[in-house]
Amino acid sequence: MAAASASTFVPPRQRRRLRRRLTDGLGWTVSTVAFLLLGAATISIFWAIAARGAHALHLAIFTQVTQGTAGGLLNAIEGTLLLAVGGLLLAIPPGMAAGIFLAEFGASRFAPVLRFMSDVLVGLPSIVVGYFVYIVAVVDLGWGFSALAGAIALAIISLPYITRTSEMAFRQVPADMRDAARALGATDGHVILRICLPIAASSVLTGVLLALAISVGETAPLLYTAGWSNYTWNGHLTHEPVGYLTYAIWAFITEPFQSAHALAYAAALLVSAFVLVISIASRMLMAASRRHSR
Amino acid sequence: MFPSRSARSHRLRRVPLAAILAAALAVPLLWAAPTVNLLETGSSLLYPLFNIWLPAYHRSHPNVRITTQSTGSGTGISESITGLAQIGASDAYMSPALERMHPGMLNIPLAISMQMVNYNLPGLNRRHLRLSGPVLADIYSGRIVQWNDAAIRRLNPGVQLPGHAIIPVHRTDGSGDTFIFTQYLSFSTPSWANSVAFGTTVSWPAVSGGLGAEGNPGMVTAVHDNPYSIAYIGTSYEDAIHRDGLGIAALKNRAGKFVLPTARTAKAAASKMVPKTPKNERISLIFAPGADSYPIINYEYAIVNRRQPSAQTAAALRDFFNWAISPTGGNAPRFINRVHFVPLPPPVVRLSRAQIAQIQ
Amino acid sequence: MFKLVTFRRFTAVLGGVVAAVLVAVVVFFVIYAWPAIRLNGWHFFTSNTWNLGNLYANPIERNGRMILPGAHYGILFLIAGTLLSTLIAVVLAVPIGAMAAVFLAECVPSQLRTAVSFFVELLAAIPSVVFGLWGYVVVIPFLGHHVYPWMTAHLGFLPFLSGAPGSGYGLLTAGLVLALMIVPLITATVRDALVSQYRGLRDAALALGATRFETLWTVQLPATRRVLVGSGILATGRALGETMAVLMISGNALNYLPRNIYSPISTMASFIVSQLDSALQDPTGLAVRSLGEVALALLLIAVVVNGAARLLLYYQDRTTGTTS
């Protein structure tokens, strides 16, 4: 700018306009660059994972269990699904109940307290949750590393997400629908479960999908609750460790063996692809429910 | 609780989902044979050996499922005491205080291993630098900070040492490698014994540029990635050291000789120390006398509880350990040589068998 | 009427589990860490030595409790590592995130906005351990071999940028990756605030002859100030508690403060992961209780930071009527 104004004589008014145009251009450039930077990082991450993971992915990954630092990931794939679904089953009832309570009985004195605590729970570092479940359930209750302990840790982490999306979902339900049902003599429970729930269901599902994506990607709390197993699950809720994909990423990438690296990359590809699919699905669901409510 | 009609419909809607889930969860149950699940966790030095043992053992014992984890010896000791793991792998025997608190724990040697001191000195990795306990102690205390320090030069006449800062790498996890390395420093260097001493976790003096690494694999990676670094790494990672073209030091032993870690020098050291092994087999083999003795060798322990929750688990453990220490089983050359360990001498096998028989 | 009350009570009791969990976790750590809190005192936060003591020596008695000789627990280096890496992350993420939000809100047609935004928001969906993997195999070799040596050579005159460039594991790497992890939070919140803003403000400024960017800079962005601060604090909270990625790229420094921006560090969360499994080998139990104290400190910081952000955002919601 300084160079432009010094080189030739420009009348002050025009100079100001030029400066304003330049600032304008600079501003938009900066914002575009900021976006491109983030987009490039996203692409770099997915490319790094996809390129390396594609090499490592072969049929044995899905059909064999892990043998030390070689073999497949069948045990981890099964365990990841088991833990994530188990966590959701534990988290959905209280999480949804809290969401319903906040949306439908928001006037209660307890509501702001509950909402605040749920929101603070989102920010709880996941390793703190893992530590808590490790000492209480794994060590003191003597469950050992187990599916149940892992699922409880994931449930605690998922709870606030399900609460928040449920609350939003039930708030979206138009008030006149409730009033109409009430005018016809329906009770509160009836209104919420039969009238509101079907309408809110797709939005609630978005929250459940979000929680699922988080559960599939969690590592730190599972290290101390689910442990790790080279074998597929034997059906015991306690006293039997469970494998999961994120462990394979963390533990095997530092091993100085090619086979171990391949397992880590394959696991990273599976986790990332799963998370990507869930994210896209929840986006589409959200868009659909928005169109629906309009 | 809530209106019956809505509750019923609510339940009805959930039926298909519940049925699918129940079916999905039941499938593994149907497959389940009467198997024993065992968790082995701890030493990253033993981890490669367990990983080549298990496929072989699994073929003859398909109903024993042993999971292996490389977490560090400290974890092996911790988790076998708390019962989280049935087999705690450790390069270190339990401390006397833990021994008193948990008299039911056994320390069973499964093999003898060595530890290398490795370095990454561009151009010098083919040469085996000579290092001594006191020099290593000074490096890890930050008193020797440059590779061309007079003390290192004195041990290596004729070697062009670079004027570059040394990056000492140590383990961050509770580690049996740290235990045996700091024992070597303690036994050879009184000032180290009086300050830092030895243990699976020690308070490393703060050294500028020093790095922490997790597990032996982390140590290999750290030395590989950082020219001018030095680290202590278990011999089961010797193949990785050769592949990465890193240096292996000749260490000064008690007799004042510089020796390389080989099967011969390890056996020489073992022959001096093994006769001293007590019944409970808790003994350090570090800094053995003898001109040919490599100074850092140790028993690789399985830390196991005498009392197991079920007779089935106890039997599975006894069978596995008896196989593991047998010269025709786990101590056969085809396993032991691949990780550069030394098989247990017959007198130690006998002592270990006596301990294994106590697992009930 | 009776049923109304019971259904409400039913949801309140079942939903109350959410609040009960938070209370339980806090109470648990206060009780669990209490012996360590009493023994460690304030030195815990001001001294720089985490030392389990001599594990193979006999425990001695101090203040009525058995401890190992030489045991001393101080976490100043963890606090420094946690706060500095978070600071770098937030300082980078807030402006970049806000400017990217400007791009998405103002330069992208509304039909494409969701799709284009997805690119940035996808960063939020990537698991921490995948960030760690990417950092470990892509970022660290690149920064450690190319960028940091260049920075020390050319920017070494600036404080904290001189000295040994290290190996790539360290404070700046952790800060950069953390910035990427928290940036979508800021971008999404600010973008929504810009999009849902009252258009009259913008139109008035444009009518007065302001350029579009001037309008944005002087009118629209200032109006989102509270949202920006609120999401910035939330992002701070997330960066403070990040575990796996930091564990894999920070260099796991022990007992020393970072000397420059490339120095290895440890954070409170990553330290817990790396030390918890072997902490039970301390026969006096002090190691695991002291780690509990680290967790409690982290927990309280998280509660305060998140609580503050939420209160700020609630206030914003109430004053402007928008929901974020």
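Below, read A as the first sequence line, B as the second, and so on, with proteins coming before strands; counting in each chain starts at 1.
- Of all heavy-atom pairs spanning C/V25 and A/L124, the tightest one is CG1-CD2, 4.4 Å.
- Only the side chain of A/S272 comes within contact range of chain C, judged by heavy atoms closer than 4.5 Å.
- Neither the backbone nor the side chain of C/S270 comes within contact range of chain A; no heavy atom of the residue lies under 4.5 Å from a heavy atom of that chain.
- Contact of A/T32 with chain C is made through backbone and side chain together, with heavy-atom distances under 4.5 Å.
- Using a 4.5 Å heavy-atom threshold, the side chains of A/P125 and C/L240 count as separate.
- Taking every heavy atom of both residues into account, C/T11 and A/A97 meet most closely at CB-O, 3.6 Å.
- Rounded to the nearest 0.5 angstrom, A/S126 OG and C/R238 CZ are separated by 9.5 Å.
- Inter-residue side-chain proximity for A/S279 and C/F118 is flagged as met; some heavy-atom pair is nearer than 4.5 Å.
- The contact between C/I96 and chain A is made by backbone and side chain atoms together, counting heavy-atom distances below 4.5 Å.
- Here the shortest heavy-atom pairing between C/G16 and A/L114 reads CA-CD1, 4.4 Å.
- Residue contact with chain C, scored on non-hydrogen atoms closer than 4.5 Å, involves the backbone and the side chain of A/I45 alike.
- At a 4.5 Å heavy-atom cutoff, the contact between C/L280 and chain A is made by side-chain atoms alone.
- The residues A/E104 and C/R8 are annotated as not salt-bridged, no charged nitrogen and carboxylate oxygen being separated by less than 4.0 angstrom.
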Yes or no on side-chain contact (heavy atoms from CB on, under 4.5 Å) for C/V137 and A/Y265, after CA distance, side-chain angles and deciding distance?
-> CA-CA 11 Å; C/V137 297; A/Y265 290 131; 3.2 Å; yes
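- When each of C/L247, C/V288, C/D277 is scored by its heavy-atom pairs under 4.5 Å with chain A, the top score falls to C/D277.
- When each of C/T243, C/V273, C/V102, C/V17 is checked for heavy-atom pairs under 4.5 Å with chain A, C/V273 comes out on top.
- Within residues 28-36 of chain C, the residues that have a heavy atom under 4.5 Å from a heavy atom of chain A are C/F28, C/F29, C/Y32, listed by number.
- Under the 4.5 Å side-chain criterion, counting only non-hydrogen atoms from C-beta, C/T187 is not in contact with A/F35.
- For C/R310, the part lying near chain A is the side chain, with the backbone staying farther off; criterion is any non-hydrogen pair under 4.5 Å.
- For the atom pair CD1 of A/I192 and CZ of C/F10, the computed distance is 11.0 Å after rounding to the nearest 0.5 Å.
- Contacts with chain C were tallied for A/V129, A/I135, A/L37; A/I135 has the most, counting heavy-atom pairs under 4.5 Å.
- For chain C, the nearby part of A/Y224 is the side chain; its heavy atoms alone come within less than 4.5 Å.
- Annotation: side chain of A/T219 is not in contact with side chain of C/S128 (no heavy-atom distance under 4.5 Å).
- Counting heavy atoms from C-beta outward, A/L121 and C/V18 have side chains that approach closer than 4.5 Å.
- Side-chain contact check for C/L311 versus A/F116: some heavy-atom pair is nearer than 4.5 Å.
- Residues A/A41 and C/W134 approach most closely at O-CZ2, 4.4 Å, considering heavy atoms.
- Neither the backbone nor the side chain of C/V139 has a heavy atom closer than 4.5 Å to any heavy atom of chain A.
- Within 6.0 Å of CZ on C/F142 lie no more than 12 heavy atoms contributed by other residues, nucleotides or ligands.
- Most heavy-atom pairs under 4.5 Å with chain A: of the set C/I272, C/L216, C/I301, this distinction falls to C/I272.
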Passes side-chain contact (heavy atoms from CB on, under 4.5 Å), A/L223 versus C/M244? Steps please.
-> CA-CA 11 Å; A/L223 292 175; C/M244 294 314 291; 4.2 Å; yes
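- If you measure heavy-atom distances from C/L180 to chain A, the contacts under 4.5 Å come from the side chain alone.
- In this structure a side-chain-to-backbone donor-acceptor pair under 3.5 Å is missing from C/T211 to A/D24.
- Side-chain contact between C/N306 and A/D119 is absent, with no heavy-atom pair separated by less than 4.5 Å.
- Contacts of A/I280 with chain C are made by both backbone and side-chain atoms, with heavy-atom separations under 4.5 Å.
- Counting heavy-atom pairs under 4.5 Å between each of C/V13, C/L291, C/V294 and chain A puts C/L291 at the top.
- In this structure, chain A has no heavy atom under 4.5 Å from any part of C/V305.
- Contacts between residues 152-160 of chain A and chain C, counted as heavy-atom pairs separated by less than 4.5 Å, involve A/I156, A/L159.
- Of the listed residues (C/V23, C/V129, C/L276), the greatest number of heavy-atom pairs within a distance under 4.5 Å of chain A belongs to C/L276.
- Here OG1 of A/T42 is found 6.0 Å from CD1 of C/I126. Values are rounded to the nearest 0.5 Å.
- One N or O on the side chain of A/Y131 and one on the backbone of C/G292 form a donor-acceptor pair closer than 3.5 Å.
- Interface remark: A/I43 contributes side-chain atoms only to the contact with chain C (heavy atom separation under 4.5 Å).
- Contacts of C/L296 with chain A are absent, with no heavy-atom separation under 4.5 Å from either backbone or side chain.
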Please step through side-chain contact (heavy atoms from CB on, under 4.5 Å) for the pair A/W28 and C/E106, ending with a clear verdict.
-> CA-CA 9 Å; A/W28 296 120; C/E106 301 293 322; 3.8 Å; yes
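- With a 4.5 Å cut-off on non-hydrogen atoms, A/A220 touches chain C through its backbone and its side chain both.
- For A/V128, the parts sitting under 4.5 Å from any heavy atom of chain C are the backbone and the side chain alike.
- Interface residue C/V116: backbone and side-chain heavy atoms are both found under 4.5 Å from chain A.
- The structure places OG1 of A/T187 at 8.5 Å from CZ of C/F7, a figure rounded to the nearest 0.5 Å.
- At a 4.5 Å heavy-atom cutoff, the contact between A/R115 and chain C is made by backbone and side-chain atoms alike.
- Looking at A/L36, neither its backbone nor its side chain comes within 4.5 Å of chain C, counting heavy atoms on both sides.
- Counting heavy-atom pairs under 4.5 Å between each of C/A295, C/A302, C/G237, C/A12 and chain A puts C/A12 at the top.
- Between A/V33 and C/M99, the closest side-chain pair of non-hydrogen atoms is not below 4.5 Å.
- Proximity to chain A is limited to the side chain of C/L104, based on heavy atoms less than 4.5 angstrom apart.
- Both the backbone and the side chain of A/I253 come within contact range of chain C, each with at least one heavy atom under 4.5 Å from a heavy atom of that chain.
- The part of C/V138 that comes within reach of chain A is its side chain, from C-beta onward, which places non-hydrogen atoms under 4.5 angstrom from that chain.
- Ranked by heavy-atom pairs shorter than 4.5 Å toward chain C, the options A/S44, A/G25, A/G99, A/A91 are led by A/S44.
- Within the 4.5 angstrom heavy-atom criterion, only side-chain atoms of C/V183, from C-beta onward, approach chain A.
- The distance from the CG atom of C/L299 to the CD1 atom of A/I127 is 12.5 Å, given to the nearest 0.5 Å.
- The two atoms that bring A/G217 and C/P127 nearest to each other are O-CB, 3.4 Å, heavy atoms only.
- In terms of modelled atom types and a separation under 3.5 Å, the side chain of C/Y136 and the main chain of A/W250 share no donor-acceptor contact.
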